[in-house]
Amino acid sequence: MAGIIWIVALVLTTFTVAYVGYGRYLAQFVGLDDSRETPAHKYQDGQEYVPAKKPVLLGHHYSSIAGGAPVVGPITAALVWGWVPAVLWVAIGNPILGAVHDFISLSSSLRHEGKSIGYIIGEYVGERGKNMLLWFAFLLTILVVAVFALVIGVVLDAYPQAATASLLYVTLAFVFGIWLYQLGLPFSVGTVVFVAGVFGSVWVGIQYPLAIVPGDYPAGTTVLLESAAFFPELLGSANIGAWVLVMLVYGAAASVLPVWMLLQPRDYLSSFLLYAGVGGSLLAVIVGTFITGMGSDAVHPETGDALTFEITTGAWYGFLGQGGPLAEMIPLMPLFPLLFLTIACGTISGFHALVSSGTTAKQLNKESDARLIGYGGMLAEGLLAAVALCAVTIVAIPAADGGIGLALPNFATGGGAILTALGIPFEYAAPFMALVLASFLLTSMDTAVRLGRYMLEEIVGTPETPVETYAANRYINTTAIAVVAFFLLGSGRWEDLWTLFGGANQLLASLALLTGTIWLANWSESKQLISTGGPMALMGFITVIGLTWTGLYQILGGRLLGITAEAETGLIGQVSAVAQIIIIAILIYLALSLFKIGYDNMTTARNTGDGVAADVGSDD
């Protein structure tokens with residue numbers, strides 16, 4: 001049986017070749033030039049536009065884009081279709097689709113004053129196209145906030161040790177921001193002190209776990225409240241509901257603070273935790289395969305058997321996924337197109353375009369940093385997906401409820417078992433990997449709230465009515481985003497929310513690539529459009545087909561008509577199913593309309609040789 005070293009070798013090889021070769025080509029293609037003033041310097045305001053050192057901004061960007069999806073998606077795909085198609089899509093698709101998407105989104109925003117992809121497309125296709133894309137992106141951010149808040153709640157409920165550690169490292173980040181920007185103390189000294197504090201918080205969390213309401217927790221867990229009566233049950237747990245409420249309040253509060261106060265220092269500090277989790281796991285696979293082997297205390301939680309680096313998950317379970325361990329839990333799932341929607345963020349993600357053109361472009365110190373942060377940052381997320389695949393292939397726990405319940409035991413248990421090859425005890429390694437996942441999710445969630453605020457402010461523009469004034473108010477709109485996200489979770493239907501998130505996310509990725517392609521087409525007649533246009537067309541086609549399958553086969557044919565699955569009998573379930581079909585139809589309509597508008601603009605620009613803004617690649 002093959003070992004997971006082959007997964008690591010394949011991903012590291014393709015990513016390295018791509019970064020050195022294709023990444024350098026793209027940097028030259030868009031003309032990155034350090035003599036050009038970036039928006040962070042040009043519009044520096046101490047609030048949103050704040051130049052950041054490259055390692056600090058890389059930490060923010062990587063922490064923001066890497067959430068729970070590159071863990072849940074690859075694990076689910078491996079248990080549905082087998083690990084081979086999952087690994088191939090991550091190893092090949094990430095550098096030629098996802099990394100290009102992130103880099104082009106960041107580069108185009110740099111040349112448009114750090115504005116969002118909605119603003120950029122509006123420069124070329126008009127106000128209608130701008131508003132369509134901004135509304136699309138705004139609705140996606142609410143879905144992201146809801147999904148990630150729920151997953152954080154699940155992580156902190158399953159691993160109370162991670163709850164304590166997460167609260168401590170957010171506090172450390174706040175103090176680090178004051179250390180750097182208010183007291184002006186040395187950056188290098190602060191890095192040593194506060195990074196040590198973050199890793200120390202992991203030890204404190206393991207010693208003093210924390211929960212909000214009573215439940216079944218590890219011995220020694222501190223429970224803050226005696227009653228769960230004030231909190232809703234989500235996924236059968238009031239503690240999850242309580243943590244979701246806490247996270248939504250935190251996300252709203254963090255999104256209105258100046259970026260120097262929490263966002264920059266927190267993401268920088270957490271990046272060391274994330275690098276240790278992802279990089280340490282990859283190193284452990286190499287060291288454990290050739291030198292040490294896996295620790296003797298790493299055992300399968302269900303069977304009690306010793307875990308090894310050998311792959312136990314099947315390589316291929318069939319095109320429809322009916323030969324794998326989840327066959328009885330899922331409807332027919334054709335590999336094409338659903339594999340590409342299931343893995344999602346591990347290969348390409350529209351949410352990254354919002355981060356790249358939302359917060360990252362406003363903090364880039366110099367243009368050449370865009371290659372590492374934009375292209376390299378996405379490759380780093382692909383490494384997280386690879387770690388998730390390594391974890392599931394050696395553990396392979398098909399949790400009964402699928403989704404997030406499926407990801408947690410595989411990622412935390414499998415990842416912890418892998419780290420034992422470096423001599424880390426399993427009882428510490430598994431909670432540490434849970435904290436790594438929680439760290440990804442925390443940063444992505446509150447960044448999404450901030451991005452949603454940006455989107456709504458761009459939609460409103462200059463307020464002219466009382467309603468627009470309220471909508472543009474940062475405190476009111478962030479509160480509204482958090483409240484709507486909470487009510488989306490109130491239905492308790494995780495699978496519905498994940499379907500909407502995945503479909504909208506991948507469709508936005510195609511629209512972000514459309515925006516980049518329009519920019520290039522209007523920049524110069526000599527600019528080739530294959531690097532962005534090819535991935536745009538592929539992802540647009542895949543996503544529309546996938547959403548159509550989901551709407552017609554799984555929802556209409558199953559939940560409503562009872563032909564392909566058991567029909568919904570309750571009124572709430574039926575209304576939810578109808579609403580999902582309507583949302584899918586709206587998503588497809590918006591996307592096809594924007595594709596048509598964009599195609600017309602590119603055709604005009606290339607046929608007449610007179611782009612809307614032909615100098616956009618070289619403005620001062």
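Since we're looking at a predicted model, the values are computed, not measured.
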Practice task
Please lay out, stage by stage, how Trp519 and Glu123 fare under the test side-chain contact (heavy atoms from CB on, under 4.5 Å).
Solution key: CA-CA 9 Å; Trp519 167 51; Glu123 288 287 285; over 6 Å; no
Practice task
Report the C-alpha separation of Lys527 and Phe29 in whole Å, then their side-chain angles, then the decisive distance to 0.1 Å, and conclude whether the side-chain contact (heavy atoms from CB on, under 4.5 Å) test is met.
Solution key: CA-CA 8 Å; Lys527 290 294 180 184; Phe29 176 63; 3.6 Å; yes
Problem - Salt bridge Glu48-Arg450, side-chain N to carboxylate O under 4.0 Å - result: yes
Practice task
Run the salt-bridge test on Arg36 and Glu367 with the 4.0 Å N-O cut-off and return the result as yes or no.
Solution key: yes
For [X] and [Y], which heavy atoms make the closest approach, and how far apart are they?
X	Y	value
Met455	Leu354	CE-CD2, 3.8 Å
Gly598	Val125	CA-CG1, 4.4 Å
Val100	Pro95	CG2-O, 3.7 Å

Does [X] qualify as a cation-pi partner of [Y], given the criterion of NZ or CZ under 6.0 Å from the six-membered ring centre and within 45 degrees of its axis?
X	Y	value
Arg371	Tyr19	yes
Lys130	Tyr119	no
Lys115	Tyr454	no

Exercise for the section: List the steps, then state whether side chain to side chain donor-acceptor pair (under 3.5 Å) holds for Tyr62 with Glu381. Expected result: CA-CA 7 Å; Tyr62 183 41; Glu381 177 156 14; over 6 Å; no
Handout entry: Phe174 atom CZ, over 12 foreign heavy atoms within 6.0 Å
Key = no
Exercise for the section: Please say whether more than 12 non-hydrogen atoms of neighbouring residues, nucleotides or ligands are located less than 6.0 Å from NZ in Lys53. Expected result: no
Problem - side chain to side chain donor-acceptor pair (under 3.5 Å) evaluation trace for Asp102 with Ser356 - result: CA-CA 7 Å; Asp102 289 21; Ser356 297; 4.9 Å; no
Interatomic distance, [X] atom [atom1] to [Y] atom [atom2] [nearest 0.5 angstrom]:
X	Y	atom1	atom2	answer
Leu456	Thr141	CG	OG1	9.0 Å
Ile588	Ser593	CD1	OG	11.5 Å
Asn505	Ile348	CG	CD1	9.0 Å
Ile343	Leu339	CD1	CG	4.5 Å
Leu97	Leu538	CG	CG	6.0 Å
Thr360	His60	OG1	NE2	4.0 Å

Taking only distance into account, with no hydrogens and no angle test, what donor-acceptor pairs under 3.5 Å do side-chain atoms of residues 248-260 form with protein atoms, sequence neighbours excluded?
unit_1, atom_1, unit_2, atom_2, d
Tyr250, OH, Arg266, NH1, 2.9
Tyr250, OH, Asp446, OD2, 2.9
Ser255, OG, Gly251, O, 3.4
Ser255, OG, Ala252, O, 2.9

Exercise for the section: Could you check whether the rings of Tyr268 and Phe176 sit parallel, tilted or perpendicular, using 30° and 60° as the cut-offs? Expected result: parallel
Handout entry: Residues in side chain to side chain contact (heavy atoms under 4.5 Å, CB included) contact with Ser357, at least two apart in sequence or another chain
Key = Ser109, Ser116, Ile117
Problem - Pair Phe340 + Trp89: ring centers closer than 6.0 Å - result: yes
Practice task
Check step by step if side-chain contact (heavy atoms from CB on, under 4.5 Å) holds for Leu133 and Leu508.
Solution key: CA-CA 8 Å; Leu133 187 54; Leu508 181 61; 3.8 Å; yes
Enumerate, atom names and distances included, each donor-acceptor pair closer than 3.5 Å involving a side-chain atom of residues 509-516, sequence neighbours excluded.
unit_1, atom_1, unit_2, atom_2, d
Ser510, OG, Met536, O, 2.8
Ser510, OG, Gly540, N, 3.3
Thr515, OG1, Leu511, O, 3.0

Practice task
Any chance you could lay out the side-chain contact (heavy atoms from CB on, under 4.5 Å) test for Ile586 and Phe136, step after step, and finish with the verdict?
Solution key: CA-CA 10 Å; Ile586 292 174; Phe136 193 111; over 6 Å; no
